[in-house]
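Everything below concerns the one structure shown next.
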Amino acid sequence: MLEEEAKQAKLAQQQNGITNEQRAKINELVEQGAERDSITLDEAGVKKILLSFEKKTTKNQELRIKFPDQPEKFMESEMELHDAVQEMHHVATVPSLYPILVELNCVSSMLGLLSHENTDIAVGTVDLLQELTDVDTMTESERGANSLIQSLLENQVCSLLVSNLERLDESVKEESDGVHNTLSIVENIVEFKPEVCKDVASAGFLNWLIKKLKVKVPFDDNKLYASEILSILLQNDPENRIMFGEQDAIDSLLQQLAYYKRHDPNQAEEIELMENLFDCLCSLLLENENRDRFLRGEGLQLMNLMLREKKKSRSGALKVLSHALTGSEGADNCIKFVDILGLRTLFPLFMKTPKRSKRAGVSAEEHEEHTISIMASVFKNVTAGNNAGKQRDRILAKFTENDHEKVDRLMEIHDKYLTKVQEADAEIEDEVKTLQGTEAELSDEEIYLKRLDGGLFTLQLVDYIILEICSCGASTVKQRVLQILNLHGGSMKTVRNIVREYAGNLGDEEEDHEKKSEQEYLLNLVDKF
């Protein structure tokens, strides 16, 4: 009977899944964990962790050199090194002690592990660096953060991270996480020290990002993250934008976006990826050389097709066009836009702002601002002086079609934004009174910027277009404008004052010939009106 009970007890123990030996092992591990958790993270405690890490790194290195073809000889030291890297995560909880990390030359040792033969060690090190450079952690101690970031940069962290990225296989989950954490380190460094954007790009990151976004793989989180990092690098540094253009990467960016001409993104994150790519393109178009590349790469034709297809890419395409056509540098793009029948696509969007569901997260005001901005750029750049007299006539003729319906719509937008500006002015006036005499008192420039945000930017462009069509278009156009102004109790004086203020704020630096001539042209239009 007793024997039977003993058998049952043993069987039950086995079914419970652990033997006495396993239980002892678990207890030992728990005690080790408790011992590790009980490390006091003062200067001495951190030094102890760092010296242990250095010792295990050196031991593993020596054994690997001594027995390169006998893994069993260095495997135990590798496991110990892996544990030491994990233990280093404790240091990330005390950023004020980061200077010790630098003094003991541990930064160099950590970065050395990025090229370790065992990718598990390299990926573990990336995870550690990501935690050490976490922006929330670094804000706790500016001195500690500065010393760590400076040391990382001096030890070529960016080029070492890129070399490691090249060998990671994203089909393996741990290595895919390593790619994600690498991008996170870059974001942390750039957010903490924006002036290193160019150095990060030059270290090979720009090339890696271009290749990553070129690869025709289904959407994934790393592709989204890569697009975010690229957007940051291009936004913050003109030299990065020029470097990107010189690598003929604008064509590959247009190819990535071409997919969304006829296909909507499948999920919210993919919409974000598409928007990031559009933002990258907008940043790139701030440089003149890139506008020529955009023109030669048939970027205008792609954006025009996107506007026609009525997919979610339409809002991004409209924003890109407003960047590509603006300023005198946009003249060639403006003339080409009219040549490829872009007006046929633009005017329906001008006549009727698409419904909310069709605007892909863009407000009606943003849509109208981009549409009006494109139209104003076309008027400024498509001129007889730019050998585009015929194209200009086509633009002006649009305003007499269908009983001047486009003039009616322009005046409707004028009324909408005039009201918005009047409301914004009243709010700003109250704010000025409240803040008067305090440290937060608004300067004239701040007031003007607030007014521009309140709708003045769009109103200025609308009223400029009104003056253009009245001055250069058919006589019936001006009659219609005056008729509508009288009907709504408006006045010519209001339109003139808006454009005069617009001209006055273009900047009066004598050396800027382009601004000066635009100013004179606008004031000439005001006088004619």
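This one's a predicted model, so the numbers in the text were calculated from it and none came from an experiment. The figures here come from the full heavy-atom set of this structure, side chains too, leaving out hydrogens, waters and symmetry mates.
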Is it true that [Y] and [X] share a donor-acceptor pair across their side chains at a distance under 3.5 Å?
| X | Y | result |
| --- | --- | --- |
| S231 | D279 | no |
| H82 | N118 | no |
| S283 | Q235 | no |
| R291 | N288 | no |
| Q255 | K214 | no |
| N60 | E80 | no |
| E131 | T137 | no |
| E270 | Y260 | yes |

Are any of the side-chain heavy atoms of [X] and [Y] separated by less than 4.5 Å?
| X | Y | value |
| --- | --- | --- |
| K223 | Q256 | yes |
| L129 | N188 | no |
| L224 | S227 | yes |
| R64 | E78 | yes |

Applying side-chain contact (heavy atoms from CB on, under 4.5 Å), can you list everything that pairs with Q301, at least two apart in sequence or on another chain?
E298, K336, I340
[X] and [Y] ion-paired at < 4.0 Å:
| X | Y | result |
| --- | --- | --- |
| K450 | E431 | yes |
| E175 | R167 | no |
| K261 | E309 | no |
| E43 | K47 | yes |
| R296 | D251 | no |

For L160 and N155: C-alpha separation, side-chain torsions, deciding distance, then whether side chain to side chain contact (heavy atoms under 4.5 Å, CB included) applies.
CA-CA 9 Å; L160 290 167; N155 283 282; 5.7 Å; no
Under the criterion side chain to side chain donor-acceptor pair (under 3.5 Å), I'd like the reasoning laid out for Y417 against E365: C-alpha separation, chi angles, the key distance, then a yes or no.
CA-CA 9 Å; Y417 282 89; E365 284 72 22; 5.0 Å; no
Okay, side chain of Y98, backbone of L132: is any donor-acceptor separation there less than 3.5 Å?
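Flag set: sc Y98 to bb L132 pair under 3.5 Å.
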Verify the neighbour count for atom CZ of R308: are there more than 12 heavy atoms of other residues, nucleotides or ligands below 6.0 Å?
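Count over threshold, so yes.
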So Y259 and H263, would you call those rings parallel, tilted or perpendicular, with 30° and 60° as cut-offs?
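Plane angle under 30°, so parallel.
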Worked check of side chain to side chain donor-acceptor pair (under 3.5 Å) between T353 and E368
CA-CA 7 Å; T353 300; E368 285 160 4; 3.0 Å; yes
Before giving the answer on side chain to side chain donor-acceptor pair (under 3.5 Å), spell out for S176 and N222 the whole-Å C-alpha distance, their side-chain angles and the decisive distance to 0.1 Å.
CA-CA 8 Å; S176 177; N222 284 348; 3.2 Å; yes
State which residue, out of N164, L168, D221, fulfils the side chain to side chain contact (heavy atoms under 4.5 Å, CB included) condition with V179.
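For V179, the side chain to side chain contact (heavy atoms under 4.5 Å, CB included) test succeeds with only one of N164, L168, D221, which is L168.
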List the atom of L302, the atom of A258, and the distance in Å for their closest heavy-atom pair.
CD1-CA, 3.9 Å
Taking it one step at a time, do I185 and L152 satisfy side chain to side chain contact (heavy atoms under 4.5 Å, CB included)?
CA-CA 11 Å; I185 295 165; L152 286 170; 5.8 Å; no
